[in-house]
There are 2 protein chains.
Amino acid sequence: MSERISEAEWQVMEVLWHASPLTAQEVAARLAETGWSLPTVKTLLSRLAAKGALATTEDGRRYLYEPAVARADVAAGESRRLVDRLFGGRPAPLVAHLAERGELSAADIAELEALIRELKQ
Amino acid sequence: MSERISEAEWQVMEVLWHASPLTAQEVAARLAETGWSLPTVKTLLSRLAAKGALATTEDGRRYLYEPAVARADVAAGESRRLVDRLFGGRPAPLVAHLAERGELSAADIAELEALIRELKQ
DNA sequence: TAATATCGACTACGGCTGTAATCGTCAACC
DNA sequence: GGTTGACGATTACAGCCGTAGTCGATATTA
């Protein structure tokens, strides 16, 4: 398990994390804004199924697709990789970075503060 | 500007962010633990120079390489991309994620707390 | 029952990435 | 001055990624 998921594949996963199971058609419909053709979406679905990120159920002559991995797990893995690579595994510099660049709103800061308070218990 | 830097390329950049300018030989020597051959390191250096991430100065018949982009800028870009993609642009969920998985040490939390206090001013 | 639409599977293909060998050239040494 | 070594440049090549076309089989419809 735990194969990497590419960026295009991630968008497909997002659709299915949001609602599943879906047919290839339905997934493609929800990805209309990407401009991808149906074959493209089908290729991505196949690749995801092949690497175990999606589970398929036969429904007559077609498949219903649904996630086989939790979004949280994949997100955690990606986060960890980034934090390791960019900040030596320490998350504070990441936050400091975002802050320095004005990428943090007051709401973000409040949210982080509440989270920290909770973590300290 | 702002071409993407791949993971192998990132390791080369790390060397030069740490000390520069260096020759290809010197860079390769500092990447001994990767097991990469000298040609491999040279390829990575060329690609980085071609995309403007490294600046070169001629030194006789060879080049001296040094970063043409700040580590902080690249790191910020990557962080931003990740946070956008995984957490809808909000950093708190990222931290929450790391926390939930026990990826945050007490020291990390203290560091974050200090940072938040500072940000609130 | 014959034509058509729809599926998934397979194939394609250019670009990027990781990894490296080879080539032409110039400098240094014998 | 010829040979050897060190450079960068060029070429290679398999695997992954984004994007998509084609094919064979089946279901639907006329």
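Keep in mind that what you see is a predicted model, and the values were worked out from it rather than measured. Below, all heavy atoms of this structure are taken into account, side chains as well, without hydrogens, waters or symmetry copies.
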Dump every N/O contact between nucleotides 8-13 of chain C and the protein below 3.5 Å, one line per pair.
from	atom 1	to	atom 2	distance (Å)
C/dG8	OP1	A/Tyr63	N	3.0
C/dG8	N7	A/Lys42	NZ	3.4
C/dA9	OP1	A/Tyr63	OH	3.2

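Proximity of A/Thr40 to the phosphate of D/dG18: no side-chain N or O atom is located under 4.0 Å from OP1 or OP2. One finds no side-chain N or O of B/Ser6 lying less than 4.0 angstrom from the OP1 or OP2 phosphate oxygen of C/dC16.
When atom types are taken as modelled, the side chain of B/Lys42 and the backbone of B/Ala24 share no donor-acceptor pair closer than 3.5 angstrom. Judged purely by atom type and a 3.5 angstrom limit, B/Glu26 uses its side chain to pair as donor or acceptor with the backbone of B/Thr23.
Both B/Leu38 and A/Glu9 lie near DNA chain D, and the one whose nearest nucleotide falls closer to the 5' end is B/Leu38.
Counting only residues at least two apart or in different chains, side-chain hydrogen bond (donor to acceptor under 3.5 Å, both in side chains) contacts with residues 66-76 of chain B comprise A/Arg101-B/Asp73, B/Glu14-B/Arg71.
D/dC17 atom P lies 10 Å from atom CD1 of A/Ile5, rounded to whole Å. Going from atom CD of A/Gln11 over to atom P of D/dG18 covers 9 Å, rounded to whole Å. The CG atom of B/Leu22 sits 13 Å away from the P atom of D/dC7 (whole-angstrom rounding). The separation between B/Leu45 atom CG and C/dA20 atom C1' is 14 Å, rounded to whole Å. Atom C1' of nucleotide D/dC7 and atom CD of B/Glu58 are separated by 11 Å, given to the nearest angstrom. Atom C1' of nucleotide C/dT17 and atom CD of B/Glu3 are separated by 14 Å, given to the nearest angstrom. Across the protein-nucleic acid pair, B/Glu7 atom CD and C/dT19 atom C1' stand 15 Å apart, rounded to whole Å. Protein atom CD of A/Glu26 is 14 Å distant from nucleotide atom C1' of C/dC7, rounded to whole Å.
Residues A/Leu45 and A/Leu16 form a side-chain contact, since some pair of their non-hydrogen atoms from C-beta on lies under 4.5 Å apart. At least one side-chain heavy atom of B/Val69 sits under 4.5 Å from a side-chain heavy atom of B/Met13.
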Which side-chain N or O atoms in residues 82-96 of chain B pair as donor and acceptor under 3.5 Å with protein atoms at least two apart or in another chain?
from	atom 1	to	atom 2	distance (Å)
B/Asp84	OD1	B/Arg80	NH2	3.4
B/Arg90	NH2	A/Glu111	OE2	2.7

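Screening A/Val12, A/Leu44, A/Leu38, A/Thr40 for a side-chain contact (heavy atoms from CB on, under 4.5 Å) with A/Leu31, the sole residue that qualifies is A/Val12.
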